[in-house]
Every structure is written in structure tokens, then in C-alpha cells.
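Just follow the structure's listing: the first ligand is 1, and inside any ligand the first atom is 1. Being a predicted model, the structure only gives us computed values, none of them experimental.
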Amino acid sequence: MTASAGVDGRPVVGVLALQGDVREHAAALEQAGARAVGVRRVSELEAVEGLVLPGGESTTIDKLLRLFELAEPLRRLIGQGLPVFGSCAGMILLADRIEGGTADQRTLGGMDVVVRRNAFGRQVDSFEADLQVGGISDLPGGRPVRTAFIRAPWVEHAGPDVEVLARIPDRWADGSAVGPAAGKIVAARHGRLLATAFHPEITGDARVHGLFVRLVQASRRS
Ligand SMILES: NC(=O)CC[C@H](N)C(=O)O
């Protein structure tokens with residue numbers, strides 16, 4: 001199988017299947033018009049046109065990537081322009097630098113961002129919110145995206161080539177003040193890398209996956 005093996009024209013998008021909610025991502029990708037395949041080996045990685053890094057525990061995924069000898073090939077493919085979408089722990093893996101990581105934790109890197117792990121803290125460690133997401137909610141007829149945050153990171157700092165797609169608002173929908181998370185970046189794109197601090201795969205809205213599938217299709221042509 002080659003990288004252009006989309007027999008029916010659909011882009012072939014892999015979901016890293018080492019840990020996390022692989023099935024939900026695969027379903028959202030299919031809904032968004034891609035052919036989704038699980039990726040556990042280098043041969044499978046080399047056959048995809050784009051890759052999703054699901055949420056889970058970034059320290060565990062980091063260890064498994066090294067154990068399965070996928071870390072180096074994946075770093076190389078990211079360097080060569082493979083489109084990758086990282087959600088939550090996946091966002092941590094795409095960050096060039098992290099805060100709050102364990103001593104031996106490594107990332108794949110590629111996005112010029114500093115990401116803080118477990119940033120929302122104990123009080124609000126899991127919550128859902130409707131967010132304005134660039135490239136989605138600003139389209140004609142676009143609505144906010146229902147997002148789920150689970151012990152999520154945020155982007156502490158983004159470099160000049162990073163496009164900010166979503167921030168936490170100043171107030172929640174009920175009017176209460178957000179506090180220290182207000183204004184923090186929770187979705188961003190840097191070239192062909194897309195990252196969200198939230199999980200878009202569990203709220204039944206495939207538009208973030210749609211944004212990624214369009215990125216994969218655009219990379220095919222260039
Ligand atoms: N839902 C998630 O992916 C949580 C991420 C997790 N807190 C980590 O640091 O990896």
C-alpha cells in the first residue's frame with residue numbers, strides 16, 4: 001500500500017492505536033469523509049496520508065511510541081510534512097516544549113508552542129464548553145463547537161507561525177467568570193499540524209475532523 005492508496009478517492013487517515021479512544025476518532029474521520037485505519041507499526045504509519053494522535057496519557061503514549069519504535073519514524077514524517085492532528089495528550093506530543101511534564105518525558109515536537117500539562121487544575125479538571133473555533137464556527141452558518149476537556153492542557157505560548165483557532169472565553173455560558181484559564185489558547189494550527197486541548201471525538205460533532213481532513217486533502221495537492 002502506498003501513501004496514495006485511497007482506492008475510492010477518500011484520504012487514508014491513520015489513528016495512532018496505542019492508547020486512547022481510537023474508535024471514536026475513526027468514526028469521526030469516516031463521518032468527515034476519510035478512510036480511517038489504526039496505526040501500530042511503522043509499515044502502517046508509512047501508508048497513511050494523515051495521522052490522528054488521540055488523547056490518553058502523554059507520558060504513557062510517549063513510552064509506547066518509543067517501545068513500538070514509532071517515535072523516530074513519526075518525527076521524520078512530521079519533518080517531511082505529514083499532516084497530524086493531536087487532541088489533548090496528542091497536543092502535548094506535538095508541542096516543541098512542555099511545562100509540567102515528567103523528568104524523562106519527550107515529545108515528538110513540530111509545533112512551535114509551549115504546552116502546559118494538566119493546566120486546568122483540580123477544580124475544573126473535566127468540563128464541556130461551546131467554543132468558537134476558527135475555520136469552523138466562522139464559516140457561513142457555522143455554530144460553536146461542543147468540546148470536552150478531560151485533564152486537558154492549554155497552550156501557554158505560541159510562536160509567530162502558529163495560527164490560534166480557539167481560546168477559552170472570559171465568561172462561561174452561565175455568566176460566571178472563568179478565572180485563570182480565561183483567554184488561554186486551546187486549538188491551534190502550525191503548517192500541517194493541528195492541535196486541540198479538548199476532545200472533539202466524543203461530542204458527536206465531526207467538524208474538527210472535517211477541518212483536518214481538508215488539511216490532508218490540501219497537502220495532497222501541494
Ligand atoms: N485527556 C487527555 O488526553 C489528558 C492528557 C493528560 N492529562 C496528559 O498529560 O497526558
Within 4.0 Å of some non-hydrogen atom of Ser58, the atoms of ligand 1 are 8 (C), 9 (O), 10 (O)

Heavy-atom proximity to atom 9 (O) of ligand 1, picking from Arg116, Gln105, Arg151, Arg117, points to Arg117

If we number the atoms of ligand 1 from 1 as shown, the ones under 4.0 Å from a heavy atom of Cys88 are 1 (N), 2 (C), 3 (O), 4 (C), 5 (C)

Within the 4.0 Å heavy-atom cut-off, what Ile61 brings close to ligand 1 is neither

Ligand 1 to Gly56, heavy atom cutoff 4.0 Å, flagged ligand atoms 2 (C), 3 (O), 4 (C), 5 (C), 6 (C), 10 (O)

Would you give me the side-chain donor-acceptor pairs under 3.5 Å for residues 88-97, sequence neighbours excluded?
from	atom 1	to	atom 2	distance (Å)
Asp96	OD1	Gly110	N	2.7
Arg97	NH2	Asp112	OD1	3.2

Common cluster, Ile150/Val178, ILVMFWY with side-chain heavy-atom separation under 4.5 Å: no

N or O contact, Ala152 vs ligand 1, cut-off under 3.5 Å: no

* Asked: Without hydrogens or angle criteria, can the side chains of Asp205 and Thr203 be said to hold a donor-acceptor pair below 3.5 Å?
  -> no

Short version for Glu57: what comes under 4.0 Å of ligand 1, heavy atoms counted, is both

Check your understanding: Got an N/O contact under 3.5 Å between His199 and ligand 1?
Key -> yes

Here the atoms of ligand 1 under 4.0 Å from any heavy atom belonging to Gly55 are 3 (O)

Nearest non-hydrogen protein atom to atom 7 (N) of ligand 1, with distance, is Asn118 OD1, 2.6 Å

A student checking ligand 1 against Ile92 at a 4.0 Å heavy-atom cut-off should list atoms 8 (C), 9 (O), 10 (O)

Margin query: Can you tell me how the ring of Phe120 sits relative to the ring of Trp154, calling it parallel under 30°, perpendicular over 60° and tilted otherwise?
Written below: perpendicular

Task: Centroid-centroid under 6.0 Å between His209 and Phe85 rings - done: yes

key: Salt bridge flag under 4.0 Å for residues Glu57 and Arg117   = yes

- [ ] Please determine, by modelled atom types, if Glu128 and Thr147 share a side-chain donor-acceptor pair under 3.5 angstrom.
- [x] no

**Asked** Taking atom CZ of Arg66 as the centre, does the number of heavy atoms from other residues, nucleotides or ligands within less than 6.0 Å exceed 12?
**Response** yes

